[in-house]
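As the structure is a prediction and not an experimental result, all values here were calculated from the model. For this chain, numbers begin at 1 and follow the sequence in order. Atom set for the values below is all heavy atoms of this structure, side chains included, hydrogens, waters and symmetry mates excluded.
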Amino acid sequence: MPELATRTGINQAGYALVTSRQEPDWVRARRAAAWRAFNDLPWPSQRDEEWMRTDVRGLRLDKFRWDCLESAAQPSIIPDLPEALLVAGVETAGVSISLDGQPISAALDPDLRRQGVVFGHLPELLVKYADVLQPHFQRQVISSGYDRFAALHAAFWTSGTVLYVPRNVVIDRPLHVLTGLSDGAADLSRLLVVLEDGAEATLLTEQASITETATGFHCGAAEIIVGNSAHLRLVTLQNWGKSVWNFGHQKALIGRDSTIQWTVGALGARLSKVNQHVELVGQGATSQVNGVMFTEDRQHQSLQTLQHHRAPNCRSDFLYKAALQDQSRTVWRGMIKVDPGAHKTDGYQRNDNLMLSTAARADSIPGLEIEADDVRCTHGSTSGRVDEELIFYARSRGFTRQEAVQMIVTGFFQQVFDRISIEPVRDALSRAIARRVREYD
């Protein structure tokens, strides 16, 4: 793919277009560093350990529209938007919507705004609230030099959402972010979440295409900072069209005596490669990450997780479940890393795979890297097919074969669903998966 950068908006002209925006000098300096990294780094290849099971040679960046680089103005007429699954029946405290890298609308409860909460489109608010957001944005939670996709995003991001919750402010209703993509478009949006000490919030985010068959390209990032004694509930649903290329870097820093409960749903995309890292940086920090993945046709979902224990007396719990049908494939590489001095660590990771086809494939690669004494770190992985006796039992009681398989798949994911505290969100994920299940071959 070396020639792609010269045949799309991802070139010197595109970079000049992005840096011509009205942004603070420190933002442009960050872009310049990332642009240099993008030009110096190679495209990932299957010679790299992280990418050896994920083939991106079919990616052609010149096939997508790069309108996102041209303007940050809200359209005068709101276009068609993807269906929002997570907020049906949910009373929200705020909403932020974008399409193809362009802001569409944003709203926040006035009472929360008076308490100092900042929520809405990142480019606009990064200028308006620079004194509050600059220290966190410059922290560079995700390194632009991690790989070329990280550098691409850091140099060219043009949209996204920010949530900033001041010290000791508790938001008792969820906030919602919808990132949409129309057929053939590119999007490089990012998410910045900052909870100061003692703050609490629930954020529901979803990425969706306007049509299920849409093509497109998404290269995103999510940077999450949870202060001391703060609590964040985060739901991330990836529901792109079946021909979308999806790349993402997600990283959370969890402070002393703080918690994050992170629920992930990955249903769409032709190929998805996401890095999800959680760093427990303060003593007594806790993270619980729950993920559901459902793949069909020739979909490829690749997820690399890292539970990084940097402080003592921290706990991490990662549970990912995947169901695969047709000729689809999942790759999960998980690592628990314990730094020297991070004693009394309690780390757990598990990945279970349910095969709904003889042609599907699941690669599950857990790992441990422990440099401290007095820790408890465990991992596990299972892969198997649906038990025909279970199908027979359900059919003997009047269910069709497809209904029986749907029940079995729903039951397989139930352990994850039970961890979701918001009932409408739990039901929405369950229904979205059940609709995709076909007869088991």
Side-chain angles (χ1 to χ4, degrees), residues 18 21-24 26-28 30-31 34 68 72-74 86 92-99 101-142 144 153-167 169-171 173-180 187-197 199-207 218-227 230-236 248-255 260 262:
V18 170
R21 293 167 177 254
Q22 298 299 312
E23 294 180 326
W26 55 271
V27 174
R28 285 196 287 269
R30 286 279 301 275
R31 290 194 188 278
C68 59
Q74 293 188 4
L86 297 181
T92 60
V95 61
S96 175
I97 301 174
S98 64
L99 178 69
Q102 308 294 333
I104 300 298
S105 62
L108 177 66
D109 187 310
D111 183 56
L112 293 176
R113 188 177 292 109
R114 285 190 291 269
Q115 295 181 62
V117 175
V118 176
F119 178 71
H121 299 302
L122 179 59
E124 171 191 348
L125 298 179
L126 197 57
V127 175
K128 186 175 181 180
Y129 297 97
D131 56 334
V132 173
L133 299 179
Q134 179 179 351
H136 302 291
F137 193 88
Q138 285 189 310
R139 194 170 182 176
Q140 196 166 349
V141 174
I142 298 171
S144 60
H153 173 85
F156 288 92
W157 72 272
T158 54
S159 66
T161 299
V162 59
L163 169 62
Y164 170 81
V165 187
R167 183 186 299 267
V169 172
V170 176
I171 303 177
R173 288 176 291 155
L175 299 116
H176 180 237
V177 177
L178 175 63
T179 302
D187 174 79
L188 294 95
S189 57
R190 74 187 309 158
L191 175 68
L192 175 63
V193 179
V194 179
L195 269 61
E196 297 285 7
D197 296 351
E200 184 173 342
T202 300
L203 181 64
L204 311 178
T205 71
E206 52 186 309
Q207 304 167 334
H218 175 259
C219 183
E223 296 186 317
I224 301 159
I225 303 169
V226 181
H231 306 284
L232 174 66
R233 290 173 295 275
L234 176 63
V235 178
T236 304
H249 292 79
Q250 306 166 349
K251 189 172 182 179
L253 304 180
I254 315 302
I260 182 172
W262 194 344

Could you walk me through whether Leu126 and Val162 pass the side chain to side chain contact (heavy atoms under 4.5 Å, CB included) check?
CA-CA 8 Å; Leu126 197 57; Val162 59; over 6 Å; no
Does the pair Glu223 and Arg139 meet the rule for a salt bridge (Lys or Arg N to Asp or Glu O under 4.0 Å), with working shown?
CA-CA 10 Å; Glu223 296 186 317; Arg139 194 170 182 176; over 6 Å; no
Applying side chain to side chain contact (heavy atoms under 4.5 Å, CB included), run through Leu188 and Cys68 and close with a yes or a no.
CA-CA 8 Å; Leu188 294 95; Cys68 59; 3.8 Å; yes
Trace of the side chain to side chain contact (heavy atoms under 4.5 Å, CB included) decision for His121 with Ser96:
CA-CA 7 Å; His121 299 302; Ser96 175; 3.6 Å; yes
Could you give me the CA-CA distance, side-chain angles and deciding distance for Arg21 and Arg28, then say whether side chain to side chain contact (heavy atoms under 4.5 Å, CB included) is met?
CA-CA 9 Å; Arg21 293 167 177 254; Arg28 285 196 287 269; over 6 Å; no
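Under the 4.5 Å side-chain criterion, counting only non-hydrogen atoms from C-beta, Gln22 is not in contact with Val127. The side-chain heavy atoms of Leu204 and Thr92, taken from C-beta on, include no pair separated by under 4.5 Å.
Atom-to-atom distance recorded for Thr236:OG1 and Gln250:CD is 5.5 Å, nearest 0.5 angstrom.
Panel note: side chain Arg167, backbone Asp197; no donor-acceptor pair is recorded below 3.5 Å.
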Show every donor-acceptor pair shorter than 3.5 Å between a side-chain atom in residues 113-120 and any protein atom, with sequence neighbours excluded, or say none if there are none.
residue : atom : partner : partner atom : Å
Arg113  : NH2  : Leu108  : O            : 3.4
Gln115  : NE2  : Asp111  : OD2          : 3.1

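Using cut-offs of 30° and 60° on the angle between ring planes, the pair Trp26 and Phe137 is perpendicular.
Here the shortest heavy-atom pairing between Leu232 and Ile224 reads CD2-CG2, 3.5 Å.
In this structure His218 satisfies the side chain to side chain donor-acceptor pair (under 3.5 Å) test together with Asp187, Asn246, sequence neighbours excluded.
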